[in-house]
Q: 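Let me give you the structure first, and then I'll get to my questions.
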Amino acid sequence: MQRFLLRRALLPDGWASDVRVEVDAHGTVTSVTGSAATTGVGGSGDPAGSAVDCDVVIRGPVVPGVPNVHSHAFQRVMSGWTERADSSHDSFWTWREVMYAFVDRFGPDEIEAVSSLAYVEMLESGFTAVGEFHYLHHSPSGDPYDDPAETGGRVCAAAERTGIGLTLLPVFYRHGGFGPGADARRPAEPAQRRFVSRPDVFERIVASTRRHASHLPGGTVGIAPHSLRAATTAEITEIRAVAGDGPIHIHVAEQMAEVEAAIRYLGARPVAHLLDTQPVDERWCLVHATHLDDGEVVRGAASGAAAGLCPVTEANLGDGLFRAREWLDAGGSIGVGSDSNVRIDPADELRTLEYGHRLVDRRRAVLADPYQSTGRTLFDRVVEGGARALGRSCHGIAPGGPADFVVLDGNHPVLAGRDDDALLDTWIFGADARVVDEVWARGRQVVAGGRAIARDAVEAEWFATVRRMGAP
Ligand SMILES: [Zn+2]
């Protein structure tokens, strides 16, 4: 049992002072004393506010860790190598060619080294848990490794050494795209051989992934049918049985080419098709869901599924803009993810999401609740929706949840004179990860003074790995 005293903290019901948090040996919060209702905003009314009996006193402002709902950690090593204009029309699809060309340089050691650096950067910027959408399963020949979850095990190792919470989502990937007939799929391309599995092989991958993840505190395993183009309706239905009660994530409607092909071959838009053919509910995360018609906004929001938004990657790839205002108005849930990891920073994701709407709508505070802070509105939404997408039953700093704390640097010049929601607004719109001072994940300190505890060891391996892999 660890006892924390948080001098000022954002709880699910608001900001509170002198919050006492008890945490068990697994890093799960067992009790929270002090709430906005009892202490009052700006107040310090908790008579138990003394530090007596507390193991850790945190003086800087504390917010809950942000769940990162969608990551392909290995892609971190490609950042900056895909920004040169081609003579042809650059797009998501040309970016994917570069990624495929690079994939064969990854063995298990490279996956662990690159994932570890990505996770260090996530922790240092305020993400405390990650949903790893993991599809690089097989050896470069396309044959499974002796342990079919060898590479997933390395992702678990990266999570363990850095301390980030992990929801591992082994990906079912079978086909190369839509066509040639109705609800038919083209064979996978040779460049996709490391991703592709039959359902029975996929079951073995998931079973072995569970063994690896069982060593992690709070480790969770779900499944991820890659997309409607890589899995048929029947296959998604078949593999759903493997998910148990874990979360189910799927890429959907990221690109207009995918929407057009779905209409042509499935007779419906991708999100509508998914809602028509699968029991989509709170366990599901619809990753991107960029291109929605009015009916899909209403039905998707009502399903309870979280939209897994990755605004920085979506901007980088030129995907388009998710209809966030309409989705939120319809009661929809959202989380954010760093996806391609071209940059890693939750504040950057939220700022990009809001700015996309400001540029299109030509107005400000588009995603804020009426008369509320934009930063606070977005932060609350992605903490709640992100926790759900990662398979957690509660969100924020609350009993039953992980002791995931992000401590802002109250002495940082850019935060001077701010408190509470103004801190969030300034972090998201006026600063960067340099205002993140300490991070605790499952009650374990993983960042001190803005630097991950694991950074030195992880960086040494990263430099050696990048040298060995070379440029694309
Ligand atoms: Zn993705």
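Position 1 is the first residue of the sequence, and the numbers go up from there. Read the numbers this way: they start at 1 and go in the same order the structure lists the ligands and their atoms.
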Q: Of all the N, O or S atoms in D339, which has the shortest distance to the Zn ion (ligand 1)?
A: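 Among the N, O or S atoms of D339, the one closest to the Zn ion (ligand 1) is OD1.
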Q: So does D143 get a backbone contact from the side chain of S139, meaning a donor-acceptor N/O pair under 3.5 Å?
A: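 Checked: pair present.
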Q: Under 2.8 Å from the Zn ion (ligand 1), can any N, O or S atom of H72 be found?
A: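 Yes, within the cut-off.
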Q: Can a donor-acceptor pair be found, under 3.5 Å and without considering hydrogens, that links the side chain of T313 to the backbone of C310?
A: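 Checked: no pair found.
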Q: Any pair with a residue in residues 196-218 that passes ring pair (Phe, Tyr, Trp, His ring centres under 6.0 Å), sequence neighbours left out, goes on the list, sorted by first then second residue, please.
A: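 Residue pairs passing ring pair (Phe, Tyr, Trp, His ring centres under 6.0 Å), neighbours aside: F172-F202.
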Q: Looking at residues at least two apart in the chain, or sitting in another chain, which of them share a side-chain hydrogen bond (donor to acceptor under 3.5 Å, both in side chains) with D281?
A: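 side-chain hydrogen bond (donor to acceptor under 3.5 Å, both in side chains) check on D281 returns nothing, list empty.
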Q: Is the Zn ion (ligand 1) less than 2.8 Å from an N/O/S atom of C310, whether that atom is in the backbone or a side chain?
A: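 It does not: C310 brings no N, O or S atom closer than 2.8 Å to the Zn ion (ligand 1).
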